[in-house]
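So the structure is just underneath, and the comments pick up after that.
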Amino acid sequence: MTVAAITACLVLIRIIWNGFWDPYGTFHWTVRQRPPACLRDPALGKHAYLYGRSSGLRFHYVTKGDHRKPLMLFLHGFPENWYSWRYQLVEFSRCYHTVALDLRGCGNSDAPSQLEDYSLEKLLYDIRDTIDELGHSSCILVGHDWGGMLAWHFALERPDMVQRLVIMNAPHPASWLDAVLRRPSQLLRSGHACFFQLPFLPEIALSLEDFKLVRSMLCGGRVGIRNSARRLTEAQLEGYLYRLSHPGALTASLSYYRSLLSNTLYKHQDVAVTSMLIWGEEDNILVEGMSGGTRPYVRGPVVVHTIPDCSHWVQQDQPEVVNNLLWDFLLDRDSISNHTTHGLFSNASASGALNAFDIKYSQWKGAIREV
C-alpha cells in the first residue's frame, strides 16, 4: 500500500496542477457513441459472439480463415482489445482458423461488475470455453501483456489444450512472484500496478483530458509504439478508446490488476508445452540478471527472441518481424531445443530475461511524465 500511496500522491499533484491551470480541459472526457471505422473493417475478419459455458457471459471475437483448420487464439492485454492483433489475424488466416478474443470485461465482451468475477479460475474457464465453443479441442495460444499472463497459466493448467504457446512481453507467473519475494524493492518499480489497486482514483486519472494517459501509454514518445511506420493514427487510437470511454469499462479492465496478487500466488510449475517468447527490447519491463538464481520455468522446448528498438506493444510495433518469428516457430524453422531444464535461447539477453523476470514497469511512470 505504501507504493500505491506514493504513486497516488504523485498523480494527485499532477491532477491538481493541471486542473488549476485548465480545469475544463483536465476534467473533460467524451463517451464515444459509435465504433470507429477501423473496428468495422471487414478485411480484418468477421465479428461474432459466443457464450461461455461456465459463466454464461457473452464474448465478442473477430475471426478469419477456415474454421476446419487448426485454431490460433489471440489474447490481448491492457488497455487493448481484439484490434491489437489485426496484423496477425490476417497474416495467419491462410493456414489457421485465427480468432482474436475480447477478454472478459474488455471490448464488446460482457463486463461483470464484481471483482471476484475476475479470479484466475474464471478467466481460465473463459479460455477453455472459447476453445470448446469454437469447435476445437486445442489451439495455438498467443498472448500479450495480461493475455500473456493468462496464456502462461492456461498452459500450466491445461497443457492438453495448447498445441504451442507464444508469449509476448509477459513474465512467467512463478518468476514474477520469485522476483518480488527475493527483492521486495521490485514492488517500487511496479508503481502503476500498485496504484491500480486503489478504488476510483485510477479510473479518474486514466480518463482525464479525454484519456490522455491512455493515449500516452500507446502513442507517447517514452513508452508508445516506436516504429514510426506503425504508430497509431488518431482513428486507430479511437479503436481502443471507444469502449474504454463507456461507463464502467475502465473499472472492468482494471479488475485484472486488482486481482493481481491472488492471481499470481500460484504454485510453481514448469511449462511443458513447446513455447516461444518474444520481447520488445525497449519495453524495460524485464531487467536482466537482478533477481539471482535460476528456475526451470520452461521444461519443454523453448525459443526466446528479443526485438531491438521495439516497445511493449510488440505485435503492433514490429508486426513483420513478429509474424516472421511466428511462421518460423510454427513451421519448425526455428532453433528449438528439447533440453529439459532451461531450453535454448536465441541470445544471452533473452536467457537472462527468462531466468530473472525482474519487473520494471516504466510504462506507467513514463506515461505520467508525458501527461
Side-chain angles (χ1 to χ4, degrees), residues 4-41 60 76-84 102-103 105-113 115 145-146 191-225 231-258 311-313 316 361-371:
I6 294 172
T7 308
C9 288
L10 294 174
V11 171
L12 282 171
I13 291 171
R14 175 68 69 174
I15 292 174
I16 293 170
W17 177 261
N18 289 347
F20 177 78
W21 291 106
D22 183 14
Y24 177 78
T26 300
F27 298 101
H28 168 76
W29 56 85
T30 301
V31 176
R32 278 71 174 167
Q33 300 295 340
R34 179 175 171 79
C38 65
L39 295 183
R40 295 178 278 115
D41 184 356
H60 170 259
H76 65 81
F78 175 83
E80 300 164 304
N81 53 41
W82 72 266
Y83 186 66
S84 68
D102 276 341
L103 296 176
C106 303
N108 285 342
S109 291
D110 284 350
S113 59
L115 184 59
D145 189 76
W146 267 116
H192 82 293
C194 296
F195 174 65
F196 287 162
Q197 307 301 311
L198 300 176
F200 309 123
L201 184 57
E203 284 90 333
I204 295 173
L206 289 165
S207 302
L208 292 175
E209 299 181 74
D210 202 27
F211 305 95
K212 186 175 181 179
L213 185 53
V214 176
R215 295 170 182 271
S216 295
M217 291 172 67
L218 294 167
C219 304
R222 294 179 184 271
V223 297
I225 294 172
R231 286 176 186 155
L232 297 178
T233 65
E234 185 63 28
Q236 290 175 323
L237 182 59
E238 286 295 315
Y240 297 117
L241 297 181
Y242 164 62
R243 275 298 174 188
L244 286 177
S245 70
H246 288 202
L250 277 171
T251 299
S253 296
L254 291 174
S255 294
Y256 286 80
Y257 288 94
R258 289 164 180 166
S311 69
H312 176 72
W313 320 104
Q316 300 181 80
Y361 283 102
S362 65
Q363 301 106 304
W364 170 256
K365 298 175 184 176
I368 286 180
R369 287 196 293 267
E370 290 186 352
V371 174

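Sequence positions, counted from 1, serve as the residue numbers for this chain. None of these values were measured; they are calculated from a predicted model.
W313 places a side-chain N or O within donor-acceptor distance of the main-chain N or O of M217, the cut-off being under 3.5 Å. Although no hydrogens or angles enter the test, the distance criterion places no donor-acceptor pair under 3.5 Å between the side chain of R215 and the main chain of L241. Remark: side-chain polar atoms of R32 are not paired, donor with acceptor, to backbone N or O of R243 under 3.5 angstrom. Proximity of a side-chain donor or acceptor of N18 to a complementary backbone N or O of T26 within less than 3.5 Å is not detected. With hydrogens and angles disregarded, no donor-acceptor distance shorter than 3.5 Å links the side chain of S311 to the backbone of V223.
Looking at heavy atoms from C-beta onward, Y257 lies in side-chain contact with W146 at the 4.5 angstrom threshold. Side-chain contact check for L232 versus Q316: some heavy-atom pair is nearer than 4.5 Å. Proximity of R258 to P202: side-chain heavy atoms (C-beta onward) are separated by under 4.5 Å at one or more points. You'll find the side chain of L206 reaches within 4.5 Å of the side chain of L254, heavy atoms only. Using a 4.5 Å heavy-atom cutoff, the side chains of H76 and D145 are not in contact.
H312 contributes atom NE2, which lies 9.0 Å from atom CG of L218 (distance to the nearest 0.5 angstrom). Atom-to-atom distance recorded for E80:CD and S253:OG is 11.0 Å, nearest 0.5 angstrom. To the nearest 0.5 Å, the span separating CG on N81 from SG on C106 amounts to 8.0 Å. With rounding to the nearest 0.5 Å, the separation of CG in D102 from OH in Y83 is 13.5 Å. In this structure, E234 CD and C38 SG are separated by 10.5 Å, a value rounded to the nearest 0.5 Å. Separation of atoms CZ (F196) and CZ (F78) is listed at 5.0 Å; rounding is to 0.5 Å.
A salt bridge does not link E238 to R34: none of the charged nitrogens lies less than 4.0 Å from a carboxylate oxygen.
Residues T30 and H28 approach most closely at OG1-NE2, 3.4 Å, considering heavy atoms. The shortest heavy-atom contact between S207 and L250 is OG-CD1, 3.3 Å. Minimum interatomic distance between P36 and A235 (heavy atoms only, all atoms of both residues): CB-O, 4.2 Å. Taking each heavy atom of P35 and L39 in turn, the nearest pair found is CB-CD1, 4.5 Å.
Checked against the 6.0 Å centroid threshold, Y240 and F211 do not count as a close aromatic pair.
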